[in-house]
Amino acid sequence: MKESRGSIAVRHAPAHEGISFAARGLAARLSAMLGVEIVSSPVPGLAGHTVIVELDPQAPQHDPAAETPLSGDSFRIKADQKKIEIVGASGRALLYAIGSLFEELGATFAPWREPAFPQHIEAAALRRIVSRTVAPAFDRRAFVSDLMTWHYSDPARLEEHLSHDRLFVPWMTARGMNAFMFIRHTQDTQLRIDQLNPLLSRFKIDAEYGGHIVQLLMPRELFASHPEFFAAGVAAGDNGARTQRGNFCVSNPEALAIVRDNAIAYVRDYPENRMLHVWGADLRDGGWCRCTQCTALSPQLQYMKVVDTVGAALAQAGIEIPAAYLAYHDTLEPDPALRPRDNVWLEWAPRERCYAHAIDDPACVLNRKYFQWLRQYLDIFEGRAMIFEYYADAILFGGLGCATPDVIVRDLKAYHRLGIRSISCLTFGAFSVFAYPINLEVFARAATSLETDAGGIVAELARLRYPHCAAEITPAYRAIARASAMALRYGDILRPFNDEAQLSLDEIKGAHHELQHAIEAADHLIKHNREPMLIAESELWRYSRDALAAVGNYIAALAEQGAAREAAGQPAIVQLASAFDRMSAIAPEFKGTWGSYDFERFAQVWLDGLRRRLHEQQPRDDNITPAV
């Protein structure tokens with residue numbers, strides 16, 4: 001039974017229900033932690049997104065005129081011995097501020113569990129709160145996921161993913177994220193997860209829809225009656241024939257008008273969408289048209305013709321949201337002839353970059369080229385740019401456990417120095433939380449503060465996951481980071497075909513050694529504490545070790561010729577297939593829907609690609625990239 005109410009009270013501006021809801025939640029949680037009854041009440045005349053924790057009934061009134069105005073998602077906590085003033089530039093910023101206050105009082109937030117609050121604190125802890133003003137480094141701080149990973153046509157699988165979302169979305173707000181984007185592919189039948197939108201709204205996360213929708217804006221059923229609307233010569237062997245595969249013929253005015261009109265209808269149907277992501281087909285060669293007229297246009301110019309047409313229609317209709325031009329695969333290198341409209345933004349997605357080095361590391365041959373392209377694009381777009389990163393991409397990393405904390409912080413500093421203020425990161429639901437927790441945590445924190453201590457977060461995350469053995473597991477996480485710095489030197493780790501950034505066998509051996517070190521540390525702990533998550537992580541690291549060893553043997557085989565190449569390559573492929581079997585030993589509660597249902601499909605894709613490449617002397621574009 002709680003004590004009678006003391007002198008502590010929560011006051012809030014009477015502006016709207018959102019502020020009242022936040023204040024009531026703050027009062028209820030403080031009440032539980034202090035063991036006293038605390039009520040919240042509105043104060044007439046208290047303006048803005050303001051909540052005050054009164055520690056003394058004689059506390060002076062809040063004077064907003066004496067404070068510097070806040071903007072965007074910034075917030076201020078001003079504390080003294082008599083009161084704590086919590087002010088947000090918006091309702092969302094107020095939630096960030098309250099989360100920050102609770103974290104200072106001992107609360108912890110993690111994307112795999114409910115928030116944890118201290119069972120008891122003394123009132124004196126409130127008088128030790130540190131005053132601060134926080135302005136996020138990036139204006140848009142987003143996570144992104146493919147719609148297909150929800151398996152929304154299967155109610156049981158959908159619920160599996162939603163159970164993860166109910167933990168992930170509150171953590172997003174606790175970490176200061178403000179947007180979540182759903183990527184739609186051609187095979188998708190919807191553009192959002194309706195069950196998730198109320199949760200996003202409750203936690204003030206903007207929902208964004210779009211993705212690879214050019215193929216949807218040009219309905220495939222029109223092919224029978226109007227084949228001239230569609231792209232020609234998309235794949236090798238087409239001999240210039242029109243096909244439903246790929247995008248469409250941008251030189252056909254009627255086709256362009258259909259795409260334009262459907263894009264405008266798309267925006268009007270979903271007015272809450274704040275950015276129109278109009279991306280082309282998710283193919284390595286882009287799927288653009290090679291008819292007589294289109295051949296004169298580079299893939300970049302074909303794509304820009306689409307996005308600029310949509311942008312012009314948005315402006316003419318008075319719709320004040322921008323359209324995104326995705327620099328990805330065959331559009332990553334800028335065409336100097338590009339002339340984007342003012343309401344068209346660059347969305348830069350350097351998927352095949354090196355993740356062993358920061359994007360601005362001049363010593364990295366691959367990233368040096370990519371970073372130069374980005375700077376050229378910024379000149380073309382006059383600074384209007386968003387970054388789409390892959391720090392938690394299960395497909396790119398082949399499901400291997402990875403950690404690149406130092407690279408992420410340095411990347412975000414580099415992007416910020418270029419003037420970019422919009423950043424996003426691809427995720428794969430619960431699997432990304434399980435396999436890339438360090439990357440998610442570092443990315444989210446660095447998107448708010450560029451002073452984030454990447455090394456400190458590694459140790460902190462170990463404490464969050466394994467509070468009873470954090471000192472022992474922290475070195476294992478650092479070993480995973482060292483292995484990642486050796487292994488992640490080219491695009492898809494299970495498609496080792498990038499001649500610009502081939503792994504050396506010495507690097508693979510070094511990564512193998514570090515992974516083994518992590519496994520041994522986990523195994524030692526498991527002998528004394530059979531923590532389910534630790535068992536699952538140990539199995540993930542075993543898979544990572546075995547898969548990387550198979551990749552090393554495969555790379556060595558590619559250096560051979562004729563029968564020797566086949567003789568060395570086939571066992572490496574068998575070795576990788578055997579490594580894939582380890583994923584089945586990981587409990588579904590950790591590997592999520594992607595690890596449970598999608599991994600097996602991608603495993604077959606990877607094996608098929610390795611078999612094809614084994615018989616070729618040069619890399620080929622097999623157009624297998626299932627997610628941006």
Side-chain angles (χ1 to χ4, degrees), residues 110-112 142-152 154 157-169 171-172 175 177 179-185 187-188 192-193 196 200 205 208 211-212 282 328 349 351 355 388-404 408 424-444 480 484 488 491-495 533 536-537 539-541 543-544 547 580 582-584 586-606 624-628:
W112 62 84
F143 284 117
V144 185
S145 286
D146 291 303
L147 275 163
M148 67 179 80
T149 61
W150 270 266
H151 294 263
Y152 46 80
D154 184 317
R157 293 183 180 185
L158 172 61
E159 178 54 35
E160 285 183 50
H161 202 300
L162 290 172
S163 66
H164 152 77
D165 299 328
R166 296 183 190 107
L167 301 174
F168 190 76
V169 172
W171 171 80
M172 284 182 64
R175 282 290 162 260
M177 305 300 286
F180 191 94
M181 179 189 169
F182 298 100
I183 299 177
R184 184 171 181 173
H185 289 261
Q187 61 267 46
D188 282 310
R192 65 186 183 189
I193 302 298
L196 189 52
L200 294 171
I205 302 293
E208 298 179 6
H212 300 283
D282 194 2
Y328 172 66
R351 189 175 186 274
Y355 282 95
F388 187 113
E389 269 293 0
Y390 296 87
Y391 304 122
D393 185 345
I395 299 174
L396 181 69
F397 299 144
L400 278 67
C402 301
T404 59
I408 293 171
S424 65
C425 175
L426 183 64
T427 65
F428 285 77
F431 188 87
S432 290
V433 170
F434 168 58
Y436 317 115
I438 292 171
N439 284 9
L440 290 175
E441 188 74 28
V442 171
F443 172 78
I480 297 301
S484 301
L488 304 181
D492 297 72
I493 193 67
L494 298 184
R495 296 185 73 255
M533 183 178 284
E537 277 205 283
E539 197 61 42
L540 177 72
W541 297 340
Y543 159 64
S544 304
F580 288 155
R582 287 197 178 276
M583 191 65 73
S584 62
I586 299 174
E589 65 194 86
F590 301 116
K591 64 184 176 182
T593 55
W594 188 84
S596 297
Y597 311 117
D598 297 310
F599 176 80
E600 184 175 354
R601 175 168 60 92
F602 286 109
Q604 191 59 54
V605 169
W606 290 319
I624 299 172
T625 305
V628 73

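Keep in mind that the numbers below use all heavy atoms, side chains included, and drop hydrogens, waters and symmetry copies.
Residues satisfying the side-chain hydrogen bond (donor to acceptor under 3.5 Å, both in side chains) test with Gln604, not counting sequence neighbours, are Asp608. By the ring pair (Phe, Tyr, Trp, His ring centres under 6.0 Å) test, His151 pairs with Tyr597, sequence neighbours left out. Under the side-chain hydrogen bond (donor to acceptor under 3.5 Å, both in side chains) criterion, Thr593 pairs with no residue, sequence neighbours left out. For Glu441, the salt bridge (charged side-chain N to carboxylate O under 4.0 Å, His left out) criterion is met by Arg175, Arg445, not counting sequence neighbours. With sequence neighbours excluded, the residues satisfying side-chain hydrogen bond (donor to acceptor under 3.5 Å, both in side chains) with Trp150 are His161, Asp165. In this view, Phe143 and Phe168, Trp171, Phe443 satisfy the ring pair (Phe, Tyr, Trp, His ring centres under 6.0 Å) rule, not counting sequence neighbours. With sequence neighbours excluded, the residues that form a side-chain contact (heavy atoms from CB on, under 4.5 Å) with Ala430 are His164. Residues forming a salt bridge (charged side-chain N to carboxylate O under 4.0 Å, His left out) with Glu589 (at least two apart in sequence, or on another chain): none. Listed by chain and residue number, Arg582 satisfy the salt bridge (charged side-chain N to carboxylate O under 4.0 Å, His left out) test with Glu539 (two or more places apart in sequence, or in another chain). Among residues two or more places apart in sequence or in another chain, the side-chain hydrogen bond (donor to acceptor under 3.5 Å, both in side chains) test is passed with Ser432 by none.
Rounding to the nearest 0.5 Å places CD1 of Ile408 at 9.5 Å from CD1 of Ile438. Atoms CD1 and OG1, from Ile193 and Thr149 in turn, are 8.0 Å apart once rounded to the nearest 0.5 Å. Rounding to the nearest 0.5 Å gives a distance of 10.5 Å between OH of Tyr152 and CG of Leu158. With rounding to the nearest 0.5 Å, the separation of OH in Tyr390 from SG in Cys425 is 10.0 Å. With values rounded to the nearest 0.5 angstrom, Ile586 atom CD1 is found 5.0 Å from Leu540 atom CG. Separation of atoms CD1 (Ile480) and CH2 (Trp541) is listed at 5.0 Å; rounding is to 0.5 Å.
Between the Asp492 side chain and the Arg495 main chain, no donor and acceptor come within less than 3.5 Å of each other. In terms of modelled atom types and a separation under 3.5 Å, the side chain of Thr427 and the main chain of Ser145 share no donor-acceptor contact. Between the side chain of Asn439 and the backbone N or O of Thr404, at least one donor-acceptor pair lies under 3.5 Å.
Remark: aromatic rings of Phe590 and Phe431 are distant, center separation not under 6.0 Å. When ring centroids are compared, Phe397 and Tyr436 come within the 6.0 Å threshold. Here Trp594 and Phe599 bring their ring centres to under 6.0 angstrom of each other.
At a threshold of 4.0 Å, the pair Arg184-Asp146 does not count as salt-bridged, since none of the basic side-chain nitrogens sits closer than that to a carboxylate oxygen. We find that Glu389 and Arg351 are not joined by a salt bridge, their nearest charged nitrogen and carboxylate oxygen being 4.0 Å or further apart.
Side chains of Tyr543 and Leu400 form a contact here, defined as non-hydrogen atoms less than 4.5 Å apart. Considering only heavy atoms from C-beta on, Ile183 comes within 4.5 Å of His185 through its side chain. Annotation: side chain of Phe428 is in contact with side chain of Asp393 (closest heavy-atom distance under 4.5 Å). With contacts defined as side-chain heavy-atom distances shorter than 4.5 Å, the pair Trp606/Ile395 qualifies.
Crowding of Glu600 atom CD: a count of heavy atoms from other residues, nucleotides or ligands under 6.0 Å not exceeding 12.
Taking each heavy atom of Ala403 and Ser484 in turn, the nearest pair found is N-OG, 3.0 Å. Minimum heavy-atom separation, Ala179 to Glu208: CB-OE2, 3.7 Å. The two residues Met583 and Gly399 make their nearest non-hydrogen contact at CE-O, 4.1 Å. Residues Leu440 and Ala392 approach most closely at CD2-CB, 3.7 Å, considering heavy atoms. The heavy-atom pair separating Phe434 from Ala536 by the smallest distance is CZ-O, 3.4 Å. Residue Ser424 comes nearest to Val144 through the heavy atom pair CB-CG2, 3.8 Å, listed as atom of the first residue, atom of the second, then distance.
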